[in-house]
Amino acid sequence: MLKFVVYRLFQTIPVLFVIVTMTFFMVRAAPGGPFSEERQVSPQILERMNEHYGLNDPLLVQYWNYLKNITPKRFRPDRFHGEDPLGDAFGIDLGPSFKHEGRTVNEMIAESFPVSLELGLLALAIALCFGVPTGILAAVRRNSSLDYVPMSTAMVGICLPSFVIGPIFALVFGLWLGWFNVSGWFQPSDRILPAFTLGLFYAAYMARLSRGGMLEILSQDYIRTARAKGLRERTVIFIHALKGGLLPVVSFLGPALAGLISGSFVVETIFQIPGLGRHFINGALNRDYSMVLGTVLFYATLIIIMNLLVDIIQVMLNPKLKYE
Amino acid sequence: MSRPAPQVDLPPPEEIEEGSSLWKDAWHRLQKNRLAVVSLFLFLGLTLFCFLGPFLSPHTHFEQQRPLGSSGPLAPIVLVTPLDRPEAAPEPTTLDRLGERGPASRIQDPDTARRALRESGRHTADGLLLESAGRRHLLGTDTLGRDLLTRIMHGGRVSLGVGFLATAVSLLIGVTYGATSAYLGGKTDAVMMRIVDILYALPFTIFVILLMVLFGRSLLLLFLAIGAVEWLTMARIVRGQVLSLKKMEFVEAALALGLGTRRIIFRHLIPNVLGPIIVYATLTVPAVMLLESVLSFLGLGVQPPNASWGVLIKEGAESMTVFPWLLIFPAFFFSLTLFCLNFLGDGLRDALDVRSSRD
Amino acid sequence: MILPERAAARPIVAMTMPAFRLPITRLLLAAAFAAGLLLFNGCGPRESAADVGARDGILLLGNGTEPAGLDPHLVTGVTENSIISALMEGLILYHPTDDNLLEPGVAESWEHDGTYTEWTFQLRPDARWSNRDPVTAQDFLYSYNRMLSPELGAEYADMLHVLKNAEAFHRGEITDFSEVGVRAPDERTLILTLRGPMPYFPGMLKHYAWFPVHPPTIEAHGGMTNRVSPWTRPRNHVGNGPFTLEQWSVNRIIRVAKSPTYWDADRVRLNEIHFFPIDDANTEERAFRAGQLHYTNSIPADLIASYRRDRPELIRVEPYLGTYFYRFNVTRPPLDDARVRLALSKTIDQRQIVEQIAQGGQEPAHGYTPPGLAGYESLRMVEFNPTRARELLAEAGYPNGEGFPRRLQILFNTAEGHRRIAEAVQEMWRTHLGIQVTLTNQEWKVYLDTQTNMNYDIARAGWIGDYMDPKTFLDMWLTGAGNNNTGWSNERYDELVRASDRTADPEERFRLLRQAEEILLEERPIAPFYWYTRIYLIDPRVRGWNPKLLDNRPYKYVYFEETE
């Protein structure tokens, strides 16, 4: 397994390189620049601003400089804390933000990622706690009310996007019942509404996927055999069926997890949460080049790590597979 | 009966032709599933409703009666004519808005006027002639005074179209890609999955903006953009499933028989992972329909005065505390479609499940 | 409210049940969750943040998007302005009630040389930076030098071009700053020499581009021309305003507290102001209703009517110095024909748009420059007249829209409000003129790019005045001006606006500018829709918050008073 992990980590270098390169040229090709505003600045001032941020250099020079800046220069995981963990620990410099005067992308990610991570993990916990048991139960008690009712609820969850469910939660639990603040990220209780908004949607997904996966497995020969051998139903389900049945959930988990912990723009906007998702989208909308590249790079690393984890879990669930 | 699977005993070639009876059997089994049949007909009805409805509606999706903006479902309409200018075109308003907006704001005692209108259909007050004009809009109107039902029907065309085509695209690419990657394994698998990683990470917003700049706006592009994003997760799911299947005996048997890679993937592997594929496909349809409204934000989606369900829901969500029907009705049609699809998908999955047929 | 006992009871009940069957497990989970939820909040009715704030003098403001920065020389937006005006102070302040009036700030008194060209300011002796350094005339010298340094690339630097030789220095044509019309004979005297007469000059000084910065702080954090300087961080920031910067968490909160060193500290009645960057108007409105805010930056259009009907004491609608209009690209036929442009403009039913779509009590624009500028009456040339419009269109060769060469496109940036207006206009032109147009929405930056490159037919636009003079609206239509973007050019117009720059007599100036605006409206390269209003929700306990045309907030006059 170690060999597999090392091999995969080795693959990330070219993958990240391709991502950075493509993103770099894509954002530059998009119309509008970081300094275009409704009240246009004079061409002379624009020239000066571009000069200040090195945007007047030839594109390839800028690209080369960027690559140099983001190459890790040291490995000091012990320094991975404080305001600029990426810079202190690895010497990675994602550059200054073009939109937020006087802030670096390093520190903005360092500031917002813990928020998104917390929200994402909470949401994931909710999604798993509600989604997977519901799905398993529905599959086991197939075509009963324990199947139809939760699954229909899950469908409603999927049909109602977070920009609908979020405001409804805020109205009901925030305004009418007065249990929570309707926005902000200050007290522990401020986590609950956004986490549920985000989590229930994924819970619905997981319920559907785990039900589908379980049904698939429950009709397999080896499950019949197990049942025929007179094993208790609980043993059959938990010991034998679960491993294979959760496979689709696990596959879905990689992208879902990366999406969850890198923040959700919609939920962060509705509940006024200082997470990474807003930087990710607003960076693109503001043409904040360094912010886009920084967040994409960060997100890409997350995706790769999550997919690697998923692949490991898949092998653990299915011993027939080998690490490839 | 259908072929048993896992297929340890592979059928001789002539029986492979007969494999098409898989679909025939499936269709028979599907017919026995009442919920699925009901869903199927309901879904067909909805589709017809969206495509034919606008022709039967007395309203168009673009014609605006701004004075009637955001009137509720079946709101009674009142025509207001100033008495001093009887030749002027009467301005419509609703019964509950008398005394509030437009010329009817001159009415001092709206309650009396409402009662009189309910009883006799005509009323004169404060220099205005008020006439009842019945109820014209079954589901009410949007903020610009357009008939909501007609807009929902019209929007359904786009949403259903986008939903299905984009899902089909993502299915086609995702399943083929995922199965191929898993089956071939090794270096090919590594490269193919790393490409998926790359595509996951690229910033979607910028990608869409660039697409638009390069190719202008078009519906075809819309499908492509959505399909290009949505197949990635599908590919990973299919790959995960196929990986677990490909070590099974029936694949080895097929290999031993000298069947080609393509045949093994499409004939033997994919049919065995249909369950998760169908489930995820039914999940993709709503995701795609909602994604379309995001693309509209970036300028790629449908252009006003046309709308889609995603756009209608998004608009409705903005004003849901004041005009809840603007959210509820589009969301209802949206959900109804997905419920049908969901049950249909489940039915289809069961019908195609070659193993359960032995029960 | 939920009682704490009930919260505690649930898990106990759940735990006594057998927990090994699936449904039970789920119940248990749900119960644990519910209990967790209640524990957080099961402490009886809470006093809302707004109540606490009103009691303790903490003002809670919704403030739109996250500010791009807090350096007065680098920022450009309204969002930033509303925070900076708590932290910094210029020579002259916004008057608490009327933007046409002047209020002494760092400058105690000022006078001009009789031709409105050379202005002398006396600085007050007790003006202090938050580190207790005195605010001196040299600080202003340094600040203007910084603003005009080409290397800094300050967006608003051209506002200072009114100073003698400032433009040449900014372009790098002269490098000696002493040649620029700024002098400080002593610590308390600042003499500004302009390139021409400007009766309205003191009013311009209220803008943050003219604010001083603390030179030692700037130098300590990267130097005069460093844009990525951390000097605006709470621990580094040195200001001279009524409040000091205490906390700045991106996308979360900016907290400022009363400054003990401020010269007018006795008048400051608030202890703290909290700025919350809330992008979404619906979120902001919910936060206001939940008692988390005293003031919202905006309000969703659909809610205006119900607030005005049910809670009129919470909503305020005030005129704002801004115009909503459409640009016509006059380089593209048939929009090169003024008759076509007039016809299109005259078939925009402004009243309907204001009443039924914008709904914010806006005034239909009968001219371009908004009303409210003392001494400059807005013109009455724009009106809804479909009959005349059809005649004009017929004269131009397209009776009833027949033979209209092609489908024009209306370009707008993606936003619900703009979309509704564009859809209404589309329908108005279809019904009144028989012309079909298509709508194109673009994401903000793409939209700006399309407009700058004049790659459009008709484009939505808006303009907010920077200072209280019609020039802030009329300069942009000069030939080739950076914000013209219509291709429109008129020699007589340019001449009139330039002549006004050389005129010292205020009345004569306004006469010239009015003539210029008449030409603009006759030619109609733009179709004005309405004059903006500011619509917001405000806690009735907040006092001293007055309607201001320029939407500025003299926080030192704001206080709380309990209402019955």
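Proteins get letters first, then strands, A, B, ... in listed order; numbering begins at 1 in each. On a predicted model such as this, the values are computed, not experimentally measured, just so you know.
Under the 4.5 Å side-chain criterion, counting only non-hydrogen atoms from C-beta, A:Leu209 is not in contact with B:Pro276. Put simply, the side chain of A:Met155 reaches to within 4.5 Å of the side chain of B:Leu338, judged on heavy atoms. Side chains of B:Leu35 and A:Tyr148 form a contact here, defined as non-hydrogen atoms less than 4.5 Å apart. Put simply, the side chain of A:Phe280 does not reach to within 4.5 Å of the side chain of B:Phe204, judged on heavy atoms. Counting heavy atoms from C-beta outward, B:Arg194 and A:Arg8 have side chains that approach closer than 4.5 Å. Counting heavy atoms from C-beta on, the side chains of B:Val279 and A:Arg211 never come closer than 4.5 Å. Inter-residue side-chain proximity for B:Ile209 and A:Pro31 is flagged as met; some heavy-atom pair is nearer than 4.5 Å.
Looking at B:Leu210, the atoms closer than 4.5 Å to chain A (heavy atoms on both sides) all sit in the side chain, from C-beta outward. With a 4.5 angstrom heavy-atom cutoff, A:Leu302 does not touch chain B via any of its atoms. For A:Ser152, the parts sitting under 4.5 Å from any heavy atom of chain B are the backbone and the side chain alike. For a residue to count as touching a neighbouring chain, one of its non-hydrogen atoms must lie under 4.5 Å from one of that chain's; by this rule A:Tyr299 touches chain B with the side chain only. If you measure heavy-atom distances from B:Ile278 to chain A, you find no contacts under 4.5 Å at all. Looking at A:Val292, the atoms closer than 4.5 Å to chain B (heavy atoms on both sides) all sit in the side chain, from C-beta outward. If you measure heavy-atom distances from B:Leu298 to chain A, the contacts under 4.5 Å come from the side chain alone. Residue contact with chain A, scored on non-hydrogen atoms closer than 4.5 Å, involves the side chain of B:Thr321 exclusively.
For B:Met192, the CE atom sits in a packed shell: over 12 heavy atoms of surrounding residues, nucleotides or ligands are nearer than 6.0 Å. Environment of CZ in B:Phe332: sparse, with no more than 12 heavy atoms of neighbouring residues, nucleotides or ligands closer than 6.0 Å.
Note that CG of A:Asn307 is 7.0 Å distant from CE of B:Met193, once rounded to the nearest 0.5 Å. Taking CG of A:Leu285 as the start and CD1 of B:Ile206 as the end, the distance is 8.0 Å to the nearest 0.5 Å. Rounding to the nearest 0.5 Å places CG of B:Leu283 at 7.5 Å from CZ of A:Phe252.
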Given the rule in the side-chain contact (heavy atoms from CB on, under 4.5 Å) test, do A:Val310 and B:Arg236 qualify, once you have shown the distances and angles that lead to the verdict?
-> CA-CA 10 Å; A:Val310 163; B:Arg236 281 203 65 91; 4.0 Å; yes
Check step by step if side-chain contact (heavy atoms from CB on, under 4.5 Å) holds for B:Ser335 and A:Val156.
-> CA-CA 7 Å; B:Ser335 311; A:Val156 175; over 6 Å; no
Under the side-chain contact (heavy atoms from CB on, under 4.5 Å) rule, what do B:Arg239 and A:Asp311 come out as? Steps first, then yes or no, please.
-> CA-CA 10 Å; B:Arg239 173 179 175 270; A:Asp311 288 347; 3.5 Å; yes
Please walk me through it: do A:Ile304 and B:Tyr200 pass side-chain contact (heavy atoms from CB on, under 4.5 Å)?
-> CA-CA 9 Å; A:Ile304 290 170; B:Tyr200 259 127; over 6 Å; no
What do the steps show when you test A:Arg208 against B:Asp346 for salt bridge (charged side-chain N to carboxylate O under 4.0 Å, His left out), and what is the final call?
-> CA-CA 10 Å; A:Arg208 299 250 359 118; B:Asp346 276 0; 3.1 Å; yes
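Put simply, of A:Met151, A:Gln11, A:Arg287, the one with the most heavy-atom pairs under 4.5 Å next to chain B is A:Gln11. Per-residue counts of heavy-atom pairs under 4.5 Å with chain A were compared for B:Phe334, B:Phe207, B:Phe339; the largest is that of B:Phe339. Looking only at heavy-atom pairs under 4.5 Å with chain B, the residue among A:Pro14, A:Cys159, A:Ser251 that has the most is A:Cys159. Top candidate by heavy-atom pairs under 4.5 Å with chain B, chosen from A:Pro248, A:Gly212, A:Ala29, is A:Pro248.
Nearest heavy-atom pair, B:Pro286 versus A:Ile158, reported as atom, atom and distance to 0.1 Å: CG-CG2, 3.6 Å. Of all the heavy atoms in B:Met320 and A:Val164, the pair that sits closest is CE-O, 3.8 Å.
Checking A:Thr23, A:Leu16, A:Ile19 one by one against B:Ile198, the side-chain contact (heavy atoms from CB on, under 4.5 Å) holds for a single residue, A:Ile19.
Ring planes of B:Tyr280 and A:Tyr205: perpendicular class, angle over 60° (limits at 30 and 60°).
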